[in-house]
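Written below as structure tokens is the structure these notes are about.
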Amino acid sequence: MNTVQSTTITTATAPGCEPRLLVTQQGREDLAAYRERDGYRPLADTDELLSEVEASGLAGRGGAAFPLAVKLRTVRDNGRVAHGAVVVANGEEGEPASIKDRWLLRNRPHLVLDGLRLAAAIVGAAKAYVYVSEPESAHSVETALGELDPDTFGTTTVSVVTVQPGYVAGEETAVVRAINGGPAKPTDKPPRPFEAGVDERPTLVSNVETLANLPYLQHHGAASYRSQGSPLSSGTFLATITGAGRPTVLYELPHGLPFTELLALHGVSPDQVRGVLMGGYFAGLLNQRVLETSLDHETMRRFGSGLGCGAISVITDECPVAVAASVLGYFDRENAGQCGSCFNGTAAMAAAAGALRDGAATTEDVDRLRRWSVVLRGRGACATLDAATNVAASLLDQFPNEVAQHLDGACQDCAGHPFRADRPYAADAVRQA
């Protein structure tokens with residue numbers, strides 16, 4: 001395992017995993033260093049590269065795992081009809097406990113820009129944007145743009161857009177709305193950005209880690225890309241691991257790695273593990289059955305969970321009820337305040353979970369929480385309410401004994417005073433890393 005400790009973020013790769021995104025050098029990679037790694041290679045045939053992307057199975061790393069080739073082809077085709085398209089590298093890392101996008105933007109801005117260049121070439125974009133919320137990331141990208149020759153992006157103009165951070169600010173319609181001059185809040189769909197996005201043009205909104213895989217594909221091709229990973233979850237991915245009393249580490253891992261091997265890398269005994277908060281806040285909680293999983297999309301779906309953005313918070317001494325209450329409280333604070341079902345639904349679920357944590361809930365409260373976790377799903381303009389229902393439903397499904405203990409006032413973790421689960425589940429603690 002190669003490990004690099006910087007002043008802010010520790011990075012590491014799994015044994016036998018040749019890193020494609022992480023590098024061992026510390027600090028920001030400048031243009032000369034990136035070109036030494038064969039960056040900004042001339043692109044002769046955009047159709048050939050799109051075919052390689054399709055053959056690679058590269059899926060989005062922002063949370064939804066949607067095939068990138070499908071998005072590229074759709075925006076390209078729609079852009080031809082609309083006489084122009086737009087591409088956006090989405091680096092607004094709204095999912096708490098995730099640091100991967102921030103690391104890439106701070107340390108490998110040219111890798112992200114090279115991926116953006118290739119995506120812009122494939123779809124025929126006249127405009128490209130890097131969308132961020134962190135000043136240091138914005139400065140890094142702007143510095144990298146200043147190092148480039150004027151013709152690096154051809155006729156595509158590139159701009160950096162900086163917004164205030166927020167859970168919903170990275171949602172694709174919020175990205176479009178903000179670039180168009182509005183607030184960074186989601187809008188109703190349709191239209192989707194691939195139909196009418198920035199300046200009403202077909203728009204590709206893609207996570208920065210997703211785009212950062214394109215230079216590797218251009219250089220090495222789909223077969224090499226698939227040499228790591230599983231058949232249905234190809235390549236490597238970045239995973240932010242927090243909790244278990246260990247420092248936060250950003251790993252590059254092959255898809256399909258057994259979860260127990262990740263624990264060994266992170267220095268955590270399986271006997272310590274009570275469960276995890278999987279894939280950021282969206283996918284919810286998993287109990288000790290997580291020890292049976294491997295880190296790929298198909299396995300996580302089979303266990304009723306998801307890799308999401310690759311953020312995994314390990315639960316050891318924390319009370320799962322307190323963790324769920326903390327996360328639901330976050331959604332109550334961070335919802336966009338635009339949809340009544342979400343504004344009221346997140347507040348109601350947060351109140352019920354908070355009462356359960358504090359020993360003040362009744363069985364009727366738990367029954368209401370269970371019902372809300374079903375009937376509120378799918379409402380609202382974005383996925384915030386779905387994320388909250390996932391957390392509520394997974395708590396009740398995965399940790400029924402702990403829920404019962406709280407109803408009886410018998411939770412030893414919370415004896416004497418409610419445990420608030422501030423670490424590592426409070427967003428600010430990691431977002432300021």
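Position 1 is the first residue of the sequence, and the numbers go up from there. Just so you know, these numbers use all the heavy atoms, side chains as well, and skip hydrogens, waters and symmetry mates.
- With sequence neighbours excluded, no residue forms a salt bridge (charged side-chain N to carboxylate O under 4.0 Å, His left out) with Arg226.
- We find that Lys189 and Glu171 are joined by a salt bridge, their nearest charged nitrogen and carboxylate oxygen being less than 4.0 Å apart.
- Residue pairs satisfying the ring pair (Phe, Tyr, Trp, His ring centres under 6.0 Å) criterion with at least one member in residues 293-328, sequence neighbours excluded, are listed as follows: His255-His297.
- Side-chain polar atoms of Thr242 and Ser313 form a donor-acceptor pair below 3.5 angstrom.
- Under the salt bridge (charged side-chain N to carboxylate O under 4.0 Å, His left out) criterion, Lys127 pairs with Asp199, not counting sequence neighbours.
- Counting all heavy atoms, side chain and backbone alike, Cys17 lies closest to Thr236 at SG-CG2, 3.8 Å.
- Judged purely by atom type and a 3.5 angstrom limit, Lys185 uses its side chain to pair as donor or acceptor with the backbone of Ala336.
- Residues Ala392 and Ser373 approach most closely at CB-CB, 4.0 Å, considering heavy atoms.
- Side-chain atoms of Thr346 and Asn335 include a donor-acceptor pair closer than 3.5 Å.
- Residue-environment remark: CD (Glu261) exceeds the threshold of 12 foreign heavy atoms within 6.0 Å.
- Between the side chains of Thr316 and Gln272, not a single donor N or O lies within less than 3.5 Å of an accepting N or O.
- The only member of Ile179, Val158, Thr203 that meets side chain to side chain contact (heavy atoms under 4.5 Å, CB included) when paired with Tyr129 is Ile179.
- Residues meeting the side chain to side chain donor-acceptor pair (under 3.5 Å) test with Tyr225, sequence neighbours left out: Arg61.
- At distances below 3.5 Å, not a single donor-acceptor pair connects side-chain atoms of Ser326 with backbone N or O atoms of Ala322.
- Evaluation of the salt bridge (charged side-chain N to carboxylate O under 4.0 Å, His left out) rule for Arg177 yields no partner, not counting sequence neighbours.
- For residues 272-281, the pairs satisfying salt bridge (Lys or Arg N to Asp or Glu O under 4.0 Å) are Arg274-Glu402, Arg274-Asp413, with sequence neighbours left out.
- Note: Tyr251 OH to Leu22 CG = 11.5 Å, rounded to the nearest 0.5 Å.
- A side-chain donor-acceptor contact under 3.5 Å links Ser230 and Glu298.
- Remark: the Ser224 side chain and the Tyr216 side chain contain an N/O donor-acceptor pair separated by less than 3.5 Å.
- Looking at Thr13 and Glu252, their side chains never bring a donor and an acceptor atom within 3.5 Å of each other.
- Among residues two or more places apart in sequence or in another chain, the side chain to side chain donor-acceptor pair (under 3.5 Å) test is passed with Arg301 by none.
- Checked by atom type and distance alone, the side chain of Asn107 pairs as donor or acceptor with a backbone atom of Trp103 at under 3.5 Å.
- Put simply, the side chain of Ser140 never gets that close to the backbone of Ser137: no donor and acceptor are under 3.5 Å apart.
- Evaluation of the salt bridge (Lys or Arg N to Asp or Glu O under 4.0 Å) test over residues 375-395, restricted to residues two or more places apart or in two chains, returns none.
- For Glu54, the salt bridge (charged side-chain N to carboxylate O under 4.0 Å, His left out) test picks out Arg73, with sequence neighbours left out.
- By the 4.5 Å heavy-atom criterion applied to side chains, Pro186 and Gln338 are counted as neighbours.
- Here ring pair (Phe, Tyr, Trp, His ring centres under 6.0 Å) pairs that include residues 363-415, with residues two or more places apart or in two chains, number zero.
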Quiz prompt | Steps toward salt bridge (charged side-chain N to carboxylate O under 4.0 Å, His left out) verdict (Glu172, Arg192) | solution = CA-CA 8 Å; Glu172 63 175 4; Arg192 295 275 187 178; 3.5 Å; yes
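- Partners of Thr210 under the side chain to side chain donor-acceptor pair (under 3.5 Å) rule, at least two apart in sequence or in another chain, do not exist in this structure.
- Side-chain contact, Thr362 with Asp365: a donor N or O sits under 3.5 Å from an acceptor N or O.
- Applying the side-chain contact (heavy atoms from CB on, under 4.5 Å) test to Asn78 and every residue at least two apart in sequence or in another chain returns Thr74, Phe194, Pro202.
- Not one N or O on the side chain of Asn207 forms a donor-acceptor pair closer than 3.5 Å with the backbone of Gly60.
- For the atom pair CZ (Arg20) and CD (Glu18), the distance works out to 7.0 Å, reported to the nearest 0.5 Å.
- Without hydrogens or angle criteria, Glu209 side chain to Gly62 main chain gives no donor-acceptor distance under 3.5 Å.
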